Structure formats: C-alpha cells, structure tokens
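Right, one structure below, let's go through it.
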Amino acid sequence: MDPEREPAIASARAALLSFYDAHRRAMPWRESQDPYAIWVSEVMLQQTRVETVIPFYERFLRRFATVTALAQADEADVLALWAGLGYYRRARLLHAGAKAVVARHEGKVPSDVTALKALPGVGAYTAGAIASIAFGLREPVLDGNVERVLSRWIALEGDPMAPAQRKVLWALAGRFADNPRPGDTNQALMELGATRCLPANPQCLLCPFAKSCAALALGTPERFPEKPKKAPPRTERWVAYVMCDPRGFWLGPAPSTLDRWTGMLLPPMVRLDADQAPEEIALAGMIRQEPLGTVTHILTHARMQITVFLATDLKESARPLVGEWVAPGELDARAIPKVTRVILAQAQEAMRKISSASARTKDSIRERKGRAIKGSSSASST
DNA sequence: CACGCGTGGTC
DNA sequence: TGACCAAGCGT
C-alpha cells in the first residue's frame, strides 16, 4: 500500500471512530465480551440483517450459553433454534465448530486468525471479526459493507471480487484496523456501510468520509463497487405430499436432491423432471388423494413451484419413508423451514375450504385444525 | 473459482 | 411489485 496514504487513513479513521461513538446502534452482542457470543452473532449475521438476527441470537444464547453446551447439543435442537433464519448449513457448521473448539482448544475459542479459520464455518471475515472484536487484535475484516465503503473511498475500478481487487481491499482494511481500537474500527466500517454508505442513495452529506472520498469527488459514488451480473433464478417444479391425521403432519428429512434443507423437516417431496406432470408422481407407500393447489417459494437462485397433494399412507408397515408425526402446536419447537410452513399452510387453507363445502360430511380432515400458519409465498388453489 | 445457499426488508 | 440485497462459506 502506498505509504503516502497513511496520513489520510489516520484522519479518516479518526472521523470514522467519532461517527461510530456517536451513532453506533444498540445490538445485544455489543453488550458481550464473550468470544463465543461474538462468534454466534457473526455467523448469524452472515448475509442476514441485524434486525432479523437479534431475536434468534437472544434465544440461541439462552439455550446454548457456552461453547461446551453447544458442542454437546443434538444437531436437531440446534437446527430447531435456527429455523426461520435461513442458510441452515451455517447452523450445522457452527455446531461442528463448537465441537472442534472443545476437541482442539479445550473449549476456549482461539484468538488467532489461523486457528479461527481452521474452524468449520469460520472464513476470513468471521476470523477477523472474532479476533478484533472479541480479542482486540489488529485484524481487518472485509465484508460487503467494508468492500463498498473502501471501494468508494479510493474509487476502486474493476470487479471487487477479483483477486487483485481483493488484495487491495484487504490491505487497506488492514491499515484501518491497525490502531488501538481494531474491533470498533471494523464495526464502524460496517456500520457506515449499513447506515450511510448505502448501495443506492448513499447519504454522503452525513458521511465521515465525505472530505476524502474519491468516489464522491468524482460525483458518482454509486458507481462503486462494480456489480457483477447475476444469473436469473431457475424454476424448479416439485410435488409435495401432505399427510395428516390426529397425530399431526408427517414430516421427515429432506430428500438427498434437496440438500439446501439438510437436517430440516419437510413433507415428502419429489422434484419433477422437465417433461413430467405432477400427477405422474407416485410416492411409494402413499396414496395420493386430492390436488390441493400450488405454492411458489422464492429462493436466491431458484423459484420452487410446488404442487401440493393431500395423501394418505398405506399400512404403516408398508410405509418406507423416514419421518415422524409432528403436531401443529409442536412446529415452532422443531427444525421446520419456511417452505414447510408454506406448504402446510396451503394444505390447511385448501382443506378448510373443502370441509366447509361439505359441511355435513364428517370428514376426518376437519379434525385437522392446527393454528394458522404464517406464510408469505404466493399460493393458489386448484 | 464460480456457484449454490433461505429468508425478509426495501424501494 | 419485482428486483435487489444483507456482518460469507465451502466446494
């Protein structure tokens, strides 16, 4: 890095820390000095907004107060507390990381970035965050916020994800972190990116970097960093079989073709081939009854079109599917992802219509009245 | 190393 | 309202 830039960095950093001291938002993990608590927060915050994380963080730390407690927990219980937060692999990796800390480090979270990065689920960013915030080490972080803030500050051209740009940004972040308050400096850069140096409509008038920002001097701060194009989401067609009886809903582990929800509970589901109709699918051990409708569930890279059928099982001895009955009131305590809630909500809605249409019939369906399940994905009855 | 990964908020 | 995006990681 150009040594001439050093005074500019010192000056910008001072303005940054003043901004942070005046405007830092309250967050529960900022009340803690426990490296384990910081670690949990950093993993939850990966690709996830602060406001979303807060209730999950508080519940998680109440339940698993120490790294040892987490290491000893069942994965299903860890995933149950993660349910609704998304990116469930994070929870499995955090769990594995806790076990590694117990096995390798006598249950104490290590402070050096090399040991941290060797833990499952801890990459360059999270290692730097733990080292600087929890241990006060002069280690940088580079997340999406810091990337944007620093790219604008120096008007960095080119793809910020490319190796050359990465190297420049990490080195610059390292200069910022190299001061007596590395944890605050790193959090200040992220706070600035999250509240002022926004992707669109940056609030440059309120920015502590305004005097020295190269992108602002060019008059086009929004042009930085360069944004790579994203592939449009593909469409996946699925069928889901909802089985219910007085014991609840039949839910089981995700099929091997659906590893995005590994460890989570889903109704029996099958992905359709391009030329397959939903009615062509026959799931072993089950009798399809009625098509209840379709739901669309949007993910980052895929759009799932799910045709929902009501089904009944054959004799229990003939049912080959792994799973269990989960009562409606028990759903919140289990590892139930959003997509399962959407499917069950659609089924409940459709069955409510069916039962009210045939009100005189003593349909067993009517006994199936769980509390309403929230769901924002679009649904339509057939 | 380009890609896949969940969900909810924002404009 | 749909497109964009958010304190990344592993493969």
Side-chain angles (χ1 to χ4, degrees), chain A residues 24-25 27-30 38-57 79 82-94 96-97 116-134 140-149 159-164 166 170 173 183 185-195 197-201 222 225 227-234 236 254 257-264 266 296-304 335-342 374-378:
Chain A
R24 66 192 294 228
R25 294 171 291 173
M27 301 175 194
W29 46 89
R30 288 184 173 167
I38 306 294
W39 178 17
V40 171
S41 76
E42 290 301 339
V43 173
M44 287 189 169
L45 285 163
Q46 290 168 10
Q47 303 290 283
T48 311
R49 293 177 187 284
V50 168
E51 315 80 58
T52 303
V53 164
I54 288 173
F56 287 88
Y57 168 85
L79 287 172
W82 211 274
L85 195 54
Y87 283 143
Y88 299 104
R89 188 176 57 161
R90 292 181 297 174
R92 290 185 279 117
L93 291 169
L94 177 61
L116 285 166
K117 270 191 285 195
L119 298 173
V122 178
Y125 163 79
T126 304
I130 295 170
S132 63
I133 298 169
V141 297
L142 183 59
D143 74 329
N145 289 306
V146 179
E147 174 197 301
R148 184 170 57 256
V149 168
D159 179 1
M161 299 304 290
R166 247 25 230 167
W170 271 109
T185 305
N186 288 339
Q187 292 186 82
L189 285 168
M190 295 190 279
E191 194 91 348
L192 181 59
T195 63
C197 192
L198 304 170
N201 304 315
E222 298 184 63
K227 288 164 202 159
K229 295 169 199 170
K230 279 168 267 190
R234 62 187 180 277
E236 299 177 359
T257 52
L258 199 44
D259 60 334
R260 72 181 62 130
W261 285 301
T262 298
M264 307 296 285
L266 301 165
T296 301
H297 192 62
I298 310 288
L299 304 132
T300 302
H301 296 279
R303 171 187 209 90
M304 298 177 76
I336 309 290
K338 170 81 167 171
V339 69
T340 295
R341 293 177 180 278
V342 169
K374 288 181 286 184
S376 61
S377 298
S378 64

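Reminder, nothing fancy here: chain letters follow the sequence lines and each chain counts from 1. What you see is a predicted model, and the numbers here were worked out from it, not measured in a lab.
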- Query: What distance, rounded to whole Å, do you find between the two P atoms, one in dC3(B) and one in dA7(C)?
  - Reply: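 Pairwise P distance, dC3(B) against dA7(C), rounds to 22 Å.
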
- Report yes or no: is the ring centroid of H301(A) under 5.5 Å from the six-membered base ring centroid of dC3(B), with the two planes under 30 degrees?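 Aromatic stack with dC3(B) absent for H301(A).
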
- According to the salt bridge (Lys or Arg N to Asp or Glu O under 4.0 Å) rule, which pairs have a member within residues 42-54 of chain A, sequence neighbours left out?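 Listed by first then second residue: R25(A)-E51(A).
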
- Message: If you compare every side-chain N and O of H297(A) against the phosphate oxygens of dT7(B) (OP1, OP2), does one of them come in below 4.0 Å?
- Response: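 Looking at the OP1 and OP2 atoms of dT7(B), one of them is under 4.0 Å from a side-chain N or O of H297(A).
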
- Query: When you check the phosphate oxygens OP1 and OP2 of dC5(C), does a side-chain N or O of K230(A) lie under 4.0 Å from one of them?
  - Reply: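 Looking at the OP1 and OP2 atoms of dC5(C), one of them is under 4.0 Å from a side-chain N or O of K230(A).
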
- Pairing residues for R166(A) by the side chain to side chain donor-acceptor pair (under 3.5 Å) criterion, not counting sequence neighbours: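 Once residues adjacent in sequence are excluded, the partners of R166(A) under the side chain to side chain donor-acceptor pair (under 3.5 Å) criterion are E147(A).
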
- Applying side chain to side chain donor-acceptor pair (under 3.5 Å), name anything that partners T52(A), two or more places apart in sequence or on another chain.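 Side chain to side chain donor-acceptor pair (under 3.5 Å) check on T52(A) returns nothing, list empty.
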
- Message: Could you spell out the base pairing of DNA chain B as a dot-bracket line? Use Watson-Crick and G-U wobble contacts where both distances are under 3.5 Å, [ ] for crossing pairs, | for partners on a different strand.
- Response: .||||.|||||

- Task: Scan side-chain atoms only and decide if Q47(A) and R90(A) contain a donor-acceptor pair under the 3.5 Å cut-off.
- Result: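 Checked: Q47(A)/R90(A) side chains show no N/O donor-acceptor pair below 3.5 Å.
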
- Item | R89(A): partners by side-chain contact (heavy atoms from CB on, under 4.5 Å), with sequence neighbours left out |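 R89(A) satisfies side-chain contact (heavy atoms from CB on, under 4.5 Å) with R92(A), L93(A) only.
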
- Determine yes or no for a side-chain-to-main-chain donor-acceptor pair under 3.5 angstrom, with R148(A) supplying the side chain and P225(A) the backbone.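 No; judged by distance alone, with no hydrogens or angles, the pair does not exist.
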
- Can you give one letter per nucleotide of nucleotides 6-11 of chain C, 5' to 3': B if a protein heavy atom sits under 4.0 Å from the base, S if only from the sugar-phosphate, - if neither? BBBBS-

